[in-house]
Number of protein chains: 2
Amino acid sequence: MNDKRTQLLEASIDLFADEGFWNTPTARIARHAGVATGTLFNYFESKDVLIDEVYMQLKHEWMHHIMQNFPQNGTIKEQIEHIWFRHIDWGLGFPRRYALKQQLALSDLVSDEVQQRQQEALAFGFEIVERGMADGLFVPISAEYFGMLMVANLDAAVQYASAHHLKDMALTRHITTSFEIFWRGVTN
Amino acid sequence: MNDKRTQLLEASIDLFADEGFWNTPTARIARHAGVATGTLFNYFESKDVLIDEVYMQLKHEWMHHIMQNFPQNGTIKEQIEHIWFRHIDWGLGFPRRYALKQQLALSDLVSDEVQQRQQEALAFGFEIVERGMADGLFVPISAEYFGMLMVANLDAAVQYASAHHLKDMALTRHITTSFEIFWRGVTN
DNA sequence: TCCGATATTGACTGACCAGTCAGTTTTTGT
DNA sequence: ACAAAAACTGACTGGTCAGTCAATATCGGA
């Protein structure tokens, strides 16, 4: 019965996103999840590990969303474009989760160990980039910087679309444009 | 004698950057500045307004750095390139200040009013972009999105250079490359 | 020099909160 | 059905911290 565990994680995500970590007492998380204060600490050793678990959960959901229908046999451009669209789709579909994941990634609330582990899960992405580099497809930069640029551009695209409530055609156009700008930039 | 005021701001910047806002008690700020607890509240109504003032201070310093030797009569590309180099120069020259400014910009610790005011100070930048748009120089996107992309790319460039301790030629090459990638992306 | 105004001090207060634990309820195995 | 284990409860504790304020020090004008 990890039902309560899920409820606690869900409550944490809601409250952390809306109020910020420092403004959400564990007591409120428990209440929001419909359990007693003490119960939270049966499932999570401390508030710190709760944060770690929330972060892992979000990263996992994000990864899952990104990888759905991934074109394993597509071209590099198709693969990156797929990630582009799916990432933005997730960001707009789950704005609170997206914002929280971003905040957690910057703040040093997440333990080094967890951050390390999450980084390793992105290895497949680096492979794609390295392959593109080998083909002379990209401007000569490190895969690391390529990844950083991609994330930076994606974040900006999501933030803009979100702030302006873009929908339907306007949204599609925006996503396409944002990708084109990125692609033209990193491509020879 | 706003000497103490400056000391308090400086101490706040140091401690906020190193320990995080929520982990630095006002008492420690006061001690670090060499004054008593109560004195801090003579200069700043509350911890919240202290944060506002810190943010304004950082933005102001940043703006000042950016605008030094600004090529008023240069081409649009020269002007944006100038901002590019100066921004990165500031980020690498004052890493703690840069990190703190970024953190504050994301967190909602800064009051809406101050955030608003700071936004207005960037008006001159929007003018440059609008001019470029009118000339058909840029891809057709809003000046707002252009600005977001620029900031996103700059942040990535600073973060990368900072993490890898780039210096001298390697640094110059990196800055140039980062600008080229951005410019090629947003330009027709 | 003297005095009122202003700045500074730091012990103190009231509120908050992470984490505990003794007691209670629920589950599990036989 | 029963007992032992496991899960759950929430009042409580020890510690922290923003902001106060009465007492003290410093300053500036006459």
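Just so you know, these numbers use all the heavy atoms, side chains as well, and skip hydrogens, waters and symmetry mates. Each chain gets a letter, A, B and so on, in the order the sequences are listed, and its residues count up from 1.
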Measure the acute angle between the ring planes of B/F182 and B/F146, then classify it against the limits of 30° and 60° as parallel, tilted or perpendicular.
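Ring orientation, 0 to 90° scale: perpendicular.
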In this structure, how many angstroms lie between the [atom2] atom of [N] and the [atom1] atom of [X], rounded?
{"X": "B/E19", "N": "D/dT16", "atom1": "CD", "atom2": "C1'", "answer": "16 Å"}
{"X": "A/R31", "N": "D/dT9", "atom1": "CZ", "atom2": "C1'", "answer": "15 Å"}
{"X": "B/I51", "N": "D/dG19", "atom1": "CD1", "atom2": "C1'", "answer": "15 Å"}
{"X": "B/K4", "N": "C/dA7", "atom1": "NZ", "atom2": "C1'", "answer": "7 Å"}
{"X": "B/L40", "N": "C/dA7", "atom1": "CG", "atom2": "C1'", "answer": "14 Å"}
{"X": "B/D3", "N": "D/dC27", "atom1": "CG", "atom2": "C1'", "answer": "16 Å"}
{"X": "B/F44", "N": "D/dA18", "atom1": "CZ", "atom2": "P", "answer": "15 Å"}
{"X": "A/N42", "N": "C/dT26", "atom1": "CG", "atom2": "P", "answer": "16 Å"}

side-chain contact (heavy atoms from CB on, under 4.5 Å) assessment of A/N42 paired with A/K4
CA-CA 10 Å; A/N42 287 346; A/K4 291 215 168 81; over 6 Å; no
Does A/T187 reach the main-chain N or O of A/R184 with its side chain, forming a donor-acceptor pair under 3.5 Å?
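No; judged by distance alone, with no hydrogens or angles, the pair does not exist.
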Phosphate oxygens OP1/OP2 of D/dC8: is one of them under 4.0 Å from a side-chain N or O of A/Y43?
yes
Produce the list of close N/O pairs, under 3.5 Å, pairing protein atoms with atoms of nucleotides 16-19 of chain C; give distances to one decimal.
residue : atom : partner : partner atom : Å
C/dA18  : OP1  : A/K47   : NZ           : 2.9
C/dA18  : OP2  : A/T26   : N            : 2.6
C/dA18  : OP2  : A/T26   : OG1          : 2.9
C/dG19  : OP2  : A/K47   : N            : 2.8

Check: B/N69/B/H82 side-chain N/O donor and acceptor closer than 3.5 Å
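Short answer, no.
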Residues A/R5, A/E53; criterion salt bridge (Lys or Arg N to Asp or Glu O under 4.0 Å); working and verdict:
CA-CA 10 Å; A/R5 199 189 132 90; A/E53 303 267 2; 3.0 Å; yes
May I ask you to decide whether B/R86 forms a salt bridge with B/E81, counting only side-chain N to carboxylate O separations under 4.0 Å?
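Looking at B/R86 and B/E81, the cut-off is not met.
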